[in-house]
Colleague: 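This structure is in structure tokens; I'll ask about it shortly.
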Amino acid sequence: MTTEQFTFTVTKTDGMARTGEIRMPRGVIRTPAFMPVGTAATVKAMYPDQVKALGADVVLGNTYHLMLRPGAERVARLGGLHKFMNWPYPILTDSGGFQVMSLAALRKIDETGVTFQSHIDGSTHVMTPERSIEIQGLLGSDIQMQLDECVRLPCTDEVAEKAMRLSLRWAERCRIAFGEQPGKAMFGIVQGGAVERLRIESAKELAALDLKGYAIGGLAVGEPQDVMLRMIETVEPHLPKEKPRYLMGVGTPDDIVEAVRRGVDMFDCVMPTRAGRHGQVFTRHGRMNLRNAKYAEDIRPLDAESKCAAANAYSRAYLHHLVRSNEILGMMLLTWNNLAYYQDLMAGLRRAIAEGRLEDHIAEIKEGWARGES
Ligand SMILES: CN(C)CCSCc1cc(N)cc2c(=O)[nH]c(N)nc12
């Protein structure tokens, strides 16, 4: 059942982990949730109804890419992103700052916002907090992210502090620009690099803004997993338990399992889709690189027990051939397998938390990865 409001309810807990439901007019997001990435209004190599059938409740769109092509005002004229990409369910959009810093040329950050040149045609753009929220509104996004400054790690404490404080000022400006939009949400993004005192200050200041959800940003940017996990542990006590927590850009199956254990509710990562396009697959037995010659005559499917046809109806030999031949079907099947695996991983985690057996379930999952092929 959907509602006119945006609500989050924690349904069960197991240690720090929790299951929950985010309810909004366009649908319900079951948490912990993995959000497939649909950067340019498509989850690459997938049909929208296939993405839904795998269990995804929400997909990601991206302000930076869509503002440059086809343009936010054009998407609005065409009825909004949900209609444009035929995904009537919830959409979360990132604010664009992260992509500017990783994709755009000649960019400059100052108090007003980010000035940059499009990586597509070199045109100059100014992304302010207000413009980012305006674009996300034009797209029709259900969950909008504040504009923030994400620093690469490692970095000095001063660099981390400067970016964290700028992001806090931008959070306030985004909150004002977003205003009151029943059924939609704007999430703040915790920054602070790998500096615990900065992470705590960022979380506390954002919590005081009483936003509808909180992302943990500035991670999965080159730091070791133990640093990422320590920052999650540092931030968690200072985020309201009754609001969703979203760990941006994360991650591998192991990253996700360890972050769910520490109280994170939402994830997004290009890994399952990007790896699929490059011949890498995720299974219950761990990862495989299907370019490897050892699969050339391996008649086994990826996983006979998977309910996904990409995993149970094609031989590794055939998939190896498709990957080596750079065939489009190879990208489609491996993307399908990987997203199926990630959604099955999340469904298993939700069940285990609900039944109070998360630690045993995590041990089983990790044994399967370690055991590898039967
Ligand atoms: C497709 N996704 C990778 C895009 C959405 S998540 C992008 C993203 C990833 C990471 N690791 C950190 C940050 C961050 O600190 N801030 C913002 N705004 N976005 C981030």
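Throughout, residue positions are numbered sequentially from 1 according to the sequence presented. We count ligands from 1, going down the list as the structure has it; atoms in each ligand are counted the same way.
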Colleague: Please check this pair: side chain of N338 against backbone of T273, looking for a donor-acceptor N/O pair closer than 3.5 Å.
Modeller: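 Between the backbone of T273 and the side chain of N338 there is no qualifying donor-acceptor contact (under 3.5 Å).
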Colleague: Has T93 got a side-chain atom pairing as donor or acceptor with Q144's backbone, closer than 3.5 angstrom?
Modeller: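 Side chain of T93 to backbone of Q144: no pair is present.
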Colleague: Which distance, rounded to the nearest 0.5 Å, do you find between the CZ of R284 and the CZ of R371?
Modeller: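 So the CZ of R284 and the CZ of R371 are separated by 8.5 Å.
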Colleague: Of all the non-hydrogen atoms in the protein, which one sits nearest to atom 5 (C) of ligand 1, and at what distance?
Modeller: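 Nearest protein contact, heavy atoms only, for atom 5 (C) of ligand 1 is L60 CD2, 3.4 Å.
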Colleague: Check the pair F98 / Y64 against ring pair (Phe, Tyr, Trp, His ring centres under 6.0 Å), numbers first and verdict last.
Modeller: CA-CA 9 Å; F98 180 82; Y64 172 78; over 10 Å; no
Colleague: Linking I/L/V/M/F/W/Y whenever their side-chain heavy atoms sit closer than 4.5 Å, directly or via other members, would M266 and M24 fall into one cluster?
Modeller: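 Yes; M24 is reachable from M266 via cluster members.
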Colleague: Can you list the atoms of ligand 1 that are under 4.0 Å from a heavy atom of S95?
Modeller: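 Listed by number with element: 18 (N).
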Colleague: Which is it for M145 and ligand 1 at heavy atoms under 4.0 Å: side chain, backbone, both or neither?
Modeller: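 The answer is neither.
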Colleague: Would you check the N or O atoms of G218, main chain and side chain alike, for any that come under 3.5 Å of an N or O of ligand 1?
Modeller: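 N/O-N/O distance below 3.5 Å exists for this pair.
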Colleague: Checking D298 side chain against R316 main chain: does a donor-acceptor pair fall under 3.5 Å?
Modeller: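 Not a single qualifying donor-acceptor pair exists.
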Colleague: Can you tell me which residue and heavy atom of the protein come closest to atom 12 (C) of ligand 1, and the distance to 0.1 Å?
Modeller: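 Here the nearest protein heavy atom works out to F98 CE1, 3.6 Å.
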Colleague: Provide, to 0.1 Å, the distance between atom 11 (N) of ligand 1 and the closest protein heavy atom, together with that atom's residue and name.
Modeller: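 Nearest neighbour among protein heavy atoms for atom 11 (N) of ligand 1, to 0.1 Å: L219 O, 2.7 Å.
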Colleague: May I ask you to check if ligand 1 and Q146 share an N or O to N or O distance below 3.5 Å?
Modeller: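 Q146 vs ligand 1: no N/O contact under 3.5 Å.
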Colleague: Starting from atom 19 (N) of ligand 1, what is the nearest protein heavy atom, named by residue and atom, and what distance separates them?
Modeller: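 Answer, as residue, atom name and distance: D94 OD2, 2.9 Å.
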Colleague: I need the nearest protein heavy-atom contact for atom 1 (C) of ligand 1: residue, atom name and distance, please.
Modeller: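 Protein heavy atom with the smallest distance to atom 1 (C) of ligand 1: V37 CG1, 3.3 Å.
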Colleague: Using a 4.0 Å cutoff against the non-hydrogen atoms of A220, which atoms of ligand 1 qualify?
Modeller: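 Close to A220: 11 (N).
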Colleague: Verify the neighbour count for atom CD of E242: are there more than 12 heavy atoms of other residues, nucleotides or ligands below 6.0 Å?
Modeller: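 Enclosed: over 12 neighbouring heavy atoms sit under 6.0 Å from CD of E242.
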Colleague: Could you tell me whether T39 and ligand 1 have an N or O pair separated by under 3.5 Å?
Modeller: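 Between T39 and ligand 1 (N or O atoms, distance only) the closest approach is not under 3.5 Å.
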Colleague: Check whether S202 reaches the backbone of L198 with its side chain - one donor and one acceptor, N or O, closer than 3.5 Å.
Modeller: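 No.
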Colleague: Which of the numbered atoms in ligand 1 are under 4.0 angstrom from any heavy atom belonging to I189?
Modeller: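 In order of numbering, the contacting atoms are 18 (N).
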Colleague: Q191 to ligand 1: N or O pair under 3.5 Å?
Modeller: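 It does: an N or O of Q191 is found under 3.5 Å from an N or O of ligand 1.
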Colleague: Under 3.5 Å, is there a donor-acceptor pair between the T252 and D254 side chains?
Modeller: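 No.
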Colleague: Within a distance under 4.0 Å of any heavy atom of C150, pick out the atoms of ligand 1 and give their elements.
Modeller: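 Every atom of ligand 1 under 4.0 Å from some heavy atom of C150: 14 (C), 15 (O).
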Colleague: Closest non-hydrogen protein atom to atom 14 (C) of ligand 1, residue and atom name please, with distance?
Modeller: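 For this ligand atom, the closest protein heavy atom is D148 OD2, 3.6 Å.
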Colleague: Select the closest option to atom 3 (C) of ligand 1 among V221, T273, L247, D268, judged by heavy-atom distance.
Modeller: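 Ranked by closest heavy atom to atom 3 (C) of ligand 1, first place is D268.
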Colleague: Check this for me: does any side-chain nitrogen of one of D344 and K307 sit under 4.0 Å from a carboxylate oxygen of the other?
Modeller: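 So D344 pairs with K307 through a salt bridge.
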Colleague: Relative to the heavy atoms of Q99, which atoms of ligand 1 are at a distance of less than 4.0 Å?
Modeller: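 Heavy-atom distances to Q99 below 4.0 Å select 4 (C), 7 (C).
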Colleague: Is the NZ or CZ atom of K212 both under 6.0 Å from the centre of the six-membered ring of F187 and within 45° of that ring's axis?
Modeller: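 Verdict for F187: no cation-pi partner in K212.
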